[in-house]
Each structure stands twice: as C-alpha cells, then as structure tokens.
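The structure under discussion appears below in the form of structure tokens.
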Protein chains: 2
Amino acid sequence: MRRKPPVTAPHPRPERRAPRGRGRRRASRSTNAVTLADVAKIAGVSPITVSRVVNRPELVHADTVAQVQRVIARTGYVPNMLAGGLASRRSRLVAALVPTVVNSIFVDTIQSLTDTLWEARYQVVLGMTGYASHGSREEALVSAILSRRPDAVFVVGVNHSRDSRRRLLTAHVPVVEVWDLTTSPIDMVIGFSHEQVGAAVGDYLVGKGYRRIASVWADDERALRRRKGLLESLARHGLGEAGASLVPAPSTLRGGRQAFAALLDRGTDADAVVCSSDAFAHGVLAEAQVRGIAIPSRLAVLGFGDLEFAAETVPALSSVRIDRHGIGRLAAEALLARIEGKPAGPKVVDVGFQIIERETT
Amino acid sequence: MRRKPPVTAPHPRPERRAPRGRGRRRASRSTNAVTLADVAKIAGVSPITVSRVVNRPELVHADTVAQVQRVIARTGYVPNMLAGGLASRRSRLVAALVPTVVNSIFVDTIQSLTDTLWEARYQVVLGMTGYASHGSREEALVSAILSRRPDAVFVVGVNHSRDSRRRLLTAHVPVVEVWDLTTSPIDMVIGFSHEQVGAAVGDYLVGKGYRRIASVWADDERALRRRKGLLESLARHGLGEAGASLVPAPSTLRGGRQAFAALLDRGTDADAVVCSSDAFAHGVLAEAQVRGIAIPSRLAVLGFGDLEFAAETVPALSSVRIDRHGIGRLAAEALLARIEGKPAGPKVVDVGFQIIERETT
DNA sequence: CCACGGAATGATAGCGTTGTCATTCCGCGC
DNA sequence: GCGCGGAATGACAACGCTATCATTCCGTGG
C-alpha cells in the first residue's frame, strides 16, 4: 500500500537567489571540462558573446570573434550540445530508422542523407529496426530516439504500428517516410510505388516473350508488394506465377542461390526469374552457372535495386534502378526546409524507377 | 537602410502562452511537450520520484511505480535525454567513427556494437569519416561528435591525426580503436595485425606452390599494410610481386574487376591474385570468367574479410576470416565496462584471423 | 544640439532533468 | 518508551547553454 507522502512545510521560493558565493551544503557537480563560461572569462567577454562567436559569428565584431576564437583554440573548448540543445530546443540531430544496414539497399540513401545534413551542421543517429518478420523493434526504437529530441525523423517505409505513428505525430517533428508511397503520410513521403515496379517488371518480361515467370522474394513487406504487382500484371496477360521461393530478409547472395536451387529441385520449368533484390539475382546467376543453365537463353534473371555490382556480374544483370542517392538527398532537403520553417514542398514525391536492361533478360 | 517590415511571420510563436502570472518581461519559453514535472503533478508525486520510476524503479514502492507509469502512458510522456544527459553527465550515447558503410566490411561490426549497446540502453551515433585518400573529415567529425558528449567512442583504425588523438584523449572518455593493433592505443584496441595477415597469406600461397603472385588493393591504409606484410613474406621466399593494381577505396566488385582487367592487359603472368577485399576478389572472378581463365588451375584468387557471399561465389572464394561480429561485441563490452568503472580489461586484444580455403586457391 | 537608429554586447532567467543530501515513517530490539 | 536503521520520498540546486529583452555607444540628419 502506498505511503502517505510526508507533508513538509514548503518554504516560499525566494524572489531572488542570494549571491551564489558558496553552496551551503552541496558538493559541486562541476567537472574539469572547459565550458563556455570559462572561455568567456578568459576572453574578457560575456558568455553570450562566446555563444554568438560559435553559432552566429556574423553578429559579433570581427576583432571580438578573432579574440574569442583564439581562446577557444587555446583551451580546447568543445561546446556541449546537450546543454545547447536543451536551451535552444534544437538538437541538430536527425534520426534515421532503417530495417538494416547489412547487405542493404539503403546504405546509399543513408550516405546521401548524412552528407547533405552534415553540410547543414546536422548529425544522424541511426536506428536499426530489424525486419518485421524478425520481430521489429521499431516501437522501442521510436521511443528511444524521440527522447533524443531529434529535429527531424527519417524512416524507411510507410507502414508503422499504430503506436509508432501516434508517437511520431505527437512529437511535432518533421518526418519523412521514404522508399515507398502513400496518400496519407505522417508528414511527407519520398519514394515510389512497389506495385508499379512489380507490374512494370511483369509487362516488361511478358513483352520480351517470357511466359513462365518464377520469383525469388524476401519476406519483406515492400518486396511482397512488388510481387503482388507482378502477379497482377501476369494475370492481366493471362499468366500465373511459375513457382516462387520465399527467403527471409535481409537479402543475401546465399539466400538467392539457395532459393533458386530449391526452385530447381522442385522441378520448375520457368523461363524467367524475378528477384526482389540484386543480391538474390546474383545468387541465382551463381547457381545457374554451377548447373550450366544458360542465361538468358534458357533463363532470364531480373534483379531489383541496380546496385553498383549489377553492371559487372557475368552476365551483366538486368535490374530496376531506384535513385537511392536522390531519395536521401531529397529527404534531407525536405527535412531541412521544414526545420527552417520554409514553405512546405509537396507532401508526396514519387521518384519513380527505371528498368535497366542488360544481359540477363 | 535595412529597414524591413516583416512580410512573413519571422518566427513561429509558442503554441500556448502559459498563464504564468508574474512574467515581468520575459516571454515564456515553455513548449507543449509533456515534461517530467507534468507527470509528477498529475501523479501527485515529486518530479524526482518520476525520474526514479523511469530510471531506477527498484528504488520506488511498487504501487507508486504502477501509478506513475499509468500517468506516463496516458500522457505519452517521452523523457528528454538532452536534459537528463546534461544533469547526469551521462548521454547514453556512443559515437562510432567508421570510414564508410557502403560496401563495407564494417557493417557487421557496427551491427554487433549497436545490438550489444542497445541491450544496455545505449545508442550509437554513426560518423562516416571517408577514406584518408579522399580527404578524411575525421577531425571535423571528432569535434562534432564530442560535442554530443558521448559516454564512449568507437573508432576504426589506430592512425589518427595528432589533433584527433589529442581531442579524444582530453575528452576523458573511454575509447576503443578497432580493426587494427598498436602497442600505444589511445585507450583500448581490439583488432588484428594487418602485417601478419599479409605475411600469412604470402606463406600460404607460396606453400601451395604459387610463385607469381600479383595483387589488387584499395588505397586504404590498413589494406596497404597487409600488402606490405605480403611483400615481406614473398621476399623471404625469394619472390617479388608479379604486378599490382591499386584501386580507390571503398572496395567494389567493379573496382576489382577493372583492376584485374588492367593487370591482364598489362600482360601479367601471375598464377595467383591476392585482393584486399572479397568484393575485389569477386570482381576478379567475374573478369576471369569472361576471359575464360580457369580458377584455380590457371589462377588462384584470395579475398579478405570472408563476407557472407564468399562461400557462395562460383568457384567458392578462399578468404581471410575476421571475427567481425566479435570485434563489435567485444568493443561494446569493453566500453560498457569502462563506463561503469569496472576493473579495466586488457588494453590490447588481438582477435586474430583465419585463412579459409575454398575453391579458388 | 539632440532625438534616433543600428551595431555590439550584456544581464537574467530559464530549458528539463538528476545528484546530493534531508526528511519522514515504520518496524524492531532492548 | 526509545533509539536505530532502512525504505520511500522529497527539496534544492545545479548541469552548460541560449532566448529574450535591455543597454551602451556612436554616427547622423534635422
């Protein structure tokens, strides 16, 4: 049972604190780190002036700037952004939530995001949510990351738990969802339609004369939507899927190779294999090579992502190109604009995609 | 004459104005976010009790905990770690500095680091320094990251600029350098000897009967030290390098393929190619396949890193295995121990390496 | 000469949390 | 009955910085 809180006579708060002279009973919590106040004292200016020299030097007289910077260099002062962020309500931190960075199609996007934000003096905290199929820790991560008070949030995908979505909404922070599209973004979305990719791939392969189309997919939600688009396209052409093999995300060469082997061992008669990633497709090429399956004459292979290596496999892999760097840059720019309170751009940006035909189709 | 009438509202104003009564001349800086004090008021306890419920619930009566947590859930309170970190001098942040995450051998290490730290309620801020050859921004990053007051720093490599090293030293923060060895770490080092790897690779290939050994290397400092070890080994066996091709980091399949093509076009007579990464080796395999060079009968290929795909290439790639996950986990554990002030473990940990023989050698 | 305005700088009061005692309550042993 | 110790809770003052005025100092035009 709950104890009664002791009622102590609250003494009225003094209007003004007595001169700070010495703490009566508290040990100082101070550390040995150089603070802005130290710099100010040495330079013979007020703390606020040092703050201005660091953050907005154009407001301070050039001589003062030089003088203060000399002291900063000499003392090795490093600003404390925890304190600065607390006071200014600007953490200069952007949170990025991605499923994974291992073997990942997202790293280029993150790289561009980071680079663009770095120019604007922002840093990125990366959160890896894991794939939903493995028990996503997205909710816990969203909480953890919001407690850092990021000035903006970047998140892969548009399907978040009710709770995550609510938290992001109530945080009153610019949010950009990427690598997908939706008509009802939390805030902004920059991506492309996975269904359209699937459909375009289906139309493309059927157009090239392939009729028995199998697939190798990761059990990732976006990948499965591409497959859905593919199946619908095939259906429109009066075709069905000539076998499929599902692999746990993330995508690896090994996974693709094993999945394709399984497909073959089940006796598939496919004349084309569509993969949910270039890594899978690369695995298919490897297994085909081992088994002496001629590509593309006996079997066409199509990847997704158009990663750097796609052009250099043997034979060169056809794939679906996504502007991965563009997504990162656009996301950074959109977030920065929102942070600065600039007029809002479009809520939804479709960056599209492009089928790159090489030697495997 | 810079008289400018405000055409647009210059600043977004506070959402709500607290009826704080005695505001003599200052506008309130309050926001609409729920604070610990709000929770305390609603729950009828003191702020410090709420703090304890969040951070050390074992100190608080179970009923009080339940009561406060109910209020937290209802109000959607999210702790402000900027404030918490400022007050407690614990940011619960670990900085990780890596050259890159693109096509990178480091991602598994980072993944393990992040996972292990996550368990202990720490988060990782990632800084990408770029490779030295591209004009490393390590110094700027070190400053930027230290201003976040991380509780620990993880950094790839042991050769830092004088300035970076000094800053890290004076920050009085646990530091672990990884992926390399040195006898004079900033604080701790967990890695392996690149020279030894090179030497072991040389001995291994010579032992297998190869005599004309060429190489494909990234112009990364650690890679070049492996090469140095290789050359020394060859010299001990009375051999020289049968050609080399240097490629800009980071390692990609394309880079390896082109480098090997260049080597061939220069008319190399190598019977083995040592690569500074599996990605390069994969590229060599691709080019060899195109040119009909039988592997390993006419040419042996050896990678480095033993990435996931190495076992699945055709033919399966021989490589040098590094315990990438182990380095990340060990680093996290060492840093956590140091943060908690536990007795210091060894300053230098050599995780070693292992040559994995597959089909290409 | 003087009000006026802009440039430069400063004083004050927080920002939201936690470290450091301090206090209250209660059970227990003598 | 009383002192003691531990459990539970609280008051207060930082932590290091910046937002928000306020002030000082000049040069200028009327």
Side-chain angles (χ1 to χ4, degrees), chain A residues 1-11 13-14 16-18 20 22-31 33-40 44-65 68 77-91 147 149, chain B residues 1-3 11 14 18 20 22-31 33-40 44-65 68 77-91 147 149:
Chain A
M1 116 166 341
R2 193 160 173 278
R3 308 283 186 81
K4 275 259 63 62
V7 186
T8 38
H11 33 228
R13 212 120 146 61
R16 258 177 55 136
R17 284 223 261 85
R20 292 250 250 81
R22 59 230 286 83
R24 282 206 319 294
R25 48 173 220 251
R26 281 172 48 82
S28 165
R29 267 151 83 185
S30 74
T31 55
V34 181
T35 70
L36 181 142
D38 298 332
V39 173
V45 297
S46 72
I48 195 70
T49 297
V50 178
S51 170
R52 289 197 186 105
V53 168
V54 172
N55 297 304
R56 315 202 39 201
E58 72 277 10
L59 294 181
V60 179
H61 195 280
D63 296 347
T64 314
V65 171
V68 170
Y77 168 65
V78 177
N80 183 329
M81 292 185 82
L82 297 180
L86 178 60
S88 67
R89 311 161 152 296
R90 285 269 225 123
S91 60
S147 71
R149 294 296 186 271
Chain B
M1 222 80 331
R2 312 182 28 247
R3 190 113 204 78
H11 314 292
R20 292 271 246 62
R22 46 176 298 254
R24 284 205 310 290
R25 47 173 222 246
R26 280 172 50 81
S28 164
R29 265 154 84 187
S30 73
T31 56
V34 180
T35 71
L36 182 143
D38 297 333
V39 173
V45 298
S46 73
I48 195 69
T49 296
V50 177
S51 172
R52 290 198 185 105
V53 168
V54 171
N55 298 304
R56 316 201 38 200
E58 71 278 11
L59 295 180
V60 180
H61 194 281
D63 294 346
T64 313
V65 171
V68 169
Y77 168 65
V78 178
N80 183 329
M81 292 186 82
L82 297 180
L86 178 61
S88 67
R89 313 164 146 293
R90 286 269 226 124
S91 60
S147 72
R149 294 295 186 272

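Remember, predicted model here, so these are calculated numbers, not experimental data. All chains are named by letter (A, B, ...) in the order of the sequence lines, taking the proteins before the strands, and each is independently numbered beginning at 1.
- In this structure, the CG atom of B:Asp63 is 12 Å from the C1' atom of D:dA8, given to the nearest Å.
- Of all nucleotides listed (D:dT9, C:dT17, C:dT9), C:dT17 comes nearest to the side chain of B:Leu36.
- Atom-to-atom, CD1 of A:Ile48 to P of D:dT20 comes out at 11 Å; the value is rounded to the nearest Å.
- Listed candidates were D:dC17, C:dT17, C:dA11. Nearest to the side chain of A:Ser46 is C:dA11.
- Here the closest heavy-atom approach between residue B:Leu86 and residue A:Ala83 is recorded as CD1-CB, 3.7 Å.
- The side chain of B:Asn80 lies closest to C:dT17 when the candidates are C:dT17, C:dA11, D:dC17.
- A:Arg56 places its CZ atom 12 Å from the P atom of D:dT20, with the value rounded to the nearest Å.
- A straight line from CG of B:Leu86 to P of D:dA13 spans 18 Å, rounded to a whole angstrom.
- When the nucleotides C:dT20, D:dC15, C:dC15 are ranked by their closest atom to the side chain of A:Ala87, C:dC15 comes out on top.
- Here D:dG16 presents its P atom at 17 Å from CG of A:Asn55, a figure rounded to the nearest Å.
- B:Pro79 comes within 4.0 angstrom of the backbone, heavy atoms only, and of no base.
- Evaluation of the side-chain contact (heavy atoms from CB on, under 4.5 Å) rule for B:Ser147 yields A:Val78, A:Met81 as partners, not counting sequence neighbours.
- Between B:Leu82 atom CG and C:dC15 atom C1' there is a gap of 10 Å when expressed in whole angstrom units.
- The two atoms that bring B:Leu36 and B:Tyr77 nearest to each other are N-CE1, 3.3 Å, heavy atoms only.
- Of all the heavy atoms in B:Asp38 and B:Ala33, the pair that sits closest is OD2-O, 3.7 Å.
- Taken over five-pair windows at either terminus, the axes of the helix from C:dC1-D:dG30 to C:dC30-D:dG1 are inclined to one another by 50° (rounded to 10 degrees).
- In terms of phosphate contacts, B:Ser51 brings a side-chain nitrogen or oxygen within less than 4.0 Å of OP1 or OP2 of C:dT18.
- The shortest distance between side-chain heavy atoms of B:Thr35 and B:Asn80 does not fall below 4.5 Å.
- The two residues B:Ala40 and B:Ser46 have their closest heavy-atom pair at CB-C, 3.7 Å.
- Among the nucleotides C:dA8, D:dA11, C:dT17, the one closest to any side-chain atom of A:His61 is C:dA8.
- If you measure from atom CZ of A:Arg149 to atom C1' of C:dG16, you get 9 Å, rounded to the nearest angstrom.
- The base of D:dG10 lies close enough to the side chain of B:Arg52 for a donor and an acceptor atom to sit less than 3.5 Å apart.
- Remark: B:Thr64 is in phosphate contact with D:dT9, judged by side-chain N or O atoms under 4.0 Å from OP1 or OP2.
- For B:Arg89 and C:dG16, the CZ to P distance is 20 Å, given to the nearest whole Å.
- Heavy-atom nearest nucleotides on DNA chain D were determined for A:Ala83 and for B:Glu58, and the one closer to the 5' end corresponds to B:Glu58.
- Between A:Arg90 atom CZ and B:Leu82 atom CG the span is 13.5 Å, to the nearest 0.5 Å.
- For the pair B:Arg149 (side chain) and A:Pro79 (backbone), a donor-acceptor distance under 3.5 Å is present.
- Put simply, B:Thr49 has no side-chain N or O that comes within less than 4.0 Å of OP1 or OP2 on D:dT9.
- Among the nucleotides C:dT9, C:dC15, C:dT18, the one closest to any side-chain atom of A:Val60 is C:dT9.
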